[in-house]
Structures are given as structure tokens and as C-alpha cells.
Amino acid sequence: IAGIGVLLWMVFFSPIFSGGEGKLAVPDVRGQSVEEAQSSEEVTSKGFTIEVGATAASDSVPEGDIISQEPAAQSLVDQTDRVITVTVSAGAAELYMPDVTGDLYDDAWTELKSQNKDLVIRREDEASEEVTAGRVIRTSPTAGSPITAGDTITVYVSSGPDVPKVTLISVVGEQVASARDTLEKEFNVAVTVSYTDSDQPEGTVIRQNPAGGTEVDQGSTVSLQVSNGSR
């Protein structure tokens with residue numbers, strides 16, 4: 001009876017506590033070079049060999065080191081299965097500047113960050129007659145140039161056409177017809193007129209907005225308040 005009990009224990013329970021009869025735990029070789037893994041004591045003592053199955057780009061594992069392995073580390077294999085197939089890092093993936101010319105700035109920013117989150121993106125606004133305001137005129141570096149994580153990318157964004165500026169003169173005290181003619185012809189601005197009660201002679205400009213001495217864009221509007229001479 002005792003002999004039968006020992007036999008049953010060996011058949012049914014011994015493999016559970018021993019980790020599986022005749023099985024070997026696979027060494028963990030991740031993060032090592034192929035040469036380091038192959039010569040490590042854990043690999044050599046158990047008779048495993050290392051084979052390179054593939055290479056893959058990796059931003060986190062240095063070039064030449066093992067990214068992953070099959071069978072998985074610490075899994076149990078038959079003693080006849082002593083080959084560990086590894087995937088080796090080829091280093092960080094090569095990055096190239098995408099062409100974001102003509103894109104809205106926010107879309108260009110998203111595209112660049114999708115290439116690598118560590119890229120530093122700097123915006124520069126400049127006038128452009130050809131490119132709609134808010135869209136990318138050009139980039140530095142240019143599209144197709146190699147880039148690396150941490151590089152600074154300058155994105156030049158259109159602010160629209162470069163509108164000439166003028167410095168207004170004061171036309172307060174002048175007659176509205178003359179004041180309007182001066183502002184429209186000499187300063188290339190639009191003029192609006194409103195009338196109000198005043199003790200000034202009828203047709204006299206009594207207020208101007210923007211005031212004389214103000215720098216404005218050509219084509220902007222200047223408002224004149226004119227006396228109707230009724231007070």
C-alpha cells in the first residue's frame with residue numbers, strides 16, 4: 001500500500017511541485033546584447049542557445065540589445081527545446097520632416113508630434129500675399145530632412161497680407177467735406193460721418209476716432225462726428 005501511495009504521488013503531484021517533470025525554465029535575456037546573452041551563466045548552464053529572429057526599431061532599447069524573446073522568460077520548456085529566438089533593437093526609428101505646408105497650424109502641430117512627442121515646435125508668424133492666414137508657409141528644417149527626438153522645428157505661419165500702415169492727422173475743426181477728402185485720398189482709409197448738436201458751425205468736425213497721431217492700417221475706418229449747428 002505504501003509503495004502504491006508513493007507511486008501515485010510521483011505520477012500526479014510531483015510534476016506540480018517540481019515545475020513539471022523534465023522541464024526547464026527559460027532564462028530572461030531581454031535588455032542584453034546577443035553576445036552577453038549567449039555567454040551568460042544562466043543560458044550556458046542550461047544548454048540554451050540564442051538565435052536572432054528579427055530586428056526592430058525601438059526608442060527605449062539601445063541598438064543591438066534584445067527587445068523580446070520566444071519562448072517567454074521563465075516559461076517552462078522541454079529539455080529538447082533549448083533555442084531562444086530573440087528580436088534585436090535596430091535603434092530609434094529614422095525620422096524625416098513631414099510636409100505640412102498649407103496645413104492649418106494646429107493640424108501641423110499634431111502631425112509633427114505624432115512623429116515624435118519630444119520634438120520642440122516653435123511658431124513664427126509672418127505676412128504672406130499667397131498663403132491664407134493661419135496656414136503654414138514653410139518649415140525649418142524643410143520637408144524630407146532627417147530629424148531626431150528633441151530637435152526644434154520652426155513653423156512659419158501666414159498672418160495674411162502685409163497691410164501698409166499710416167499715421168493719421170487730426171481733421172478736428174475742418175469742414176467735413178474737406179476732412180473726408182483728405183483722409184480718403186491721402187491716407188487711404190474709409191470715413192464714416194455722424195451728426196450731433198453743437199455750438200460749432202454746421203459741418204465742422206468736432207471729434208475724430210481714431211484721433212490724429214494714431215497709426216492705423218490702410219483701409220481701416222475713421223469715424224468723424226460733425227456739428228449740425230443746431231445748438
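Because the structure is predicted, anything quoted here is derived from the model rather than measured.
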Quick check against the 3.5 Å criterion: does [X] have a side-chain atom that pairs as donor or acceptor with the backbone of [Y]?
| X | Y | result |
| --- | --- | --- |
| R123 | V157 | no |
| Q38 | I50 | yes |
| D28 | R30 | yes |

What's the shortest heavy-atom distance between [X] and [Y], and which atoms?
| X | Y | value |
| --- | --- | --- |
| I84 | P71 | CA-CD, 4.3 Å |
| S128 | S158 | CB-OG, 3.6 Å |
| V166 | F187 | CG2-O, 3.7 Å |
| S58 | S89 | CB-OG, 3.7 Å |
| L168 | P210 | CD1-O, 3.7 Å |
| Q208 | V171 | OE1-N, 2.8 Å |

Linked, directly or transitively: [X] and [Y] (ILVMFWY side chains, under 4.5 Å):
| X | Y | answer |
| --- | --- | --- |
| I121 | I137 | no |
| V120 | L95 | no |
| V29 | L24 | yes |
| V100 | W109 | yes |
| V226 | V191 | yes |

Determine whether more than 12 heavy atoms belonging to other residues, nucleotides or ligands lie under 6.0 Å from atom CD of E94.
-> no

Flag yes if more than 12 heavy atoms outside Q79 fall under 6.0 Å of its CD atom; otherwise flag no.
-> yes

[atom2] on [Y] to [atom1] on [X], rounded to 0.5 Å:
| X | Y | atom1 | atom2 | value |
| --- | --- | --- | --- | --- |
| L183 | I169 | CG | CD1 | 6.5 Å |
| L76 | D81 | CG | CG | 12.0 Å |
| Q200 | N228 | CD | CG | 12.0 Å |
| Y96 | Q115 | OH | CD | 12.0 Å |
| K113 | D118 | NZ | CG | 7.0 Å |
| I66 | T87 | CD1 | OG1 | 9.5 Å |

So R207 and V172, side chain to side chain contact (heavy atoms under 4.5 Å, CB included) or not? Walk me through it.
-> CA-CA 6 Å; R207 291 185 185 85; V172 174; 5.7 Å; no

Under 3.5 Å side-chain donor-acceptor pair for T204 and Q175 | yes

Quick one: do the D181 and S178 side chains pair a donor with an acceptor below 3.5 Å?
-> no

How far apart are the C-alpha atoms of V77 and F48, what are their side-chain angles, what is the distance that settles it, and do they pass the side chain to side chain contact (heavy atoms under 4.5 Å, CB included) test?
-> CA-CA 11 Å; V77 297; F48 281 93; 4.0 Å; yes

Test log, rule side chain to side chain contact (heavy atoms under 4.5 Å, CB included), inputs I147 and N116 | CA-CA 10 Å; I147 54 177; N116 188 284; over 6 Å; no

Would a 4.5 Å heavy-atom cut-off, applied to side chains only, mark K23 and D78 as touching?
-> yes

Can you name the one residue among E70, R82, Q69 that meets side chain to side chain contact (heavy atoms under 4.5 Å, CB included) with V26?
-> Q69

Only one of D125, T101, V136 forms a side chain to side chain contact (heavy atoms under 4.5 Å, CB included) with V155, so which one is it?
-> V136

Residue pair D151, T148: steps toward the side chain to side chain donor-acceptor pair (under 3.5 Å) verdict = CA-CA 6 Å; D151 281 356; T148 58; 3.1 Å; yes

Let me see the working for D197 and S230 under side chain to side chain donor-acceptor pair (under 3.5 Å), right down to the final yes or no.
-> CA-CA 5 Å; D197 294 345; S230 63; 2.6 Å; yes

Yes or no on side chain to side chain contact (heavy atoms under 4.5 Å, CB included) for M97 and L112, after CA distance, side-chain angles and deciding distance?
-> CA-CA 8 Å; M97 181 68 191; L112 289 168; 3.5 Å; yes

NZ/NE/NH1/NH2 to OD/OE distance under 4.0 Å, D103 and R135 | no

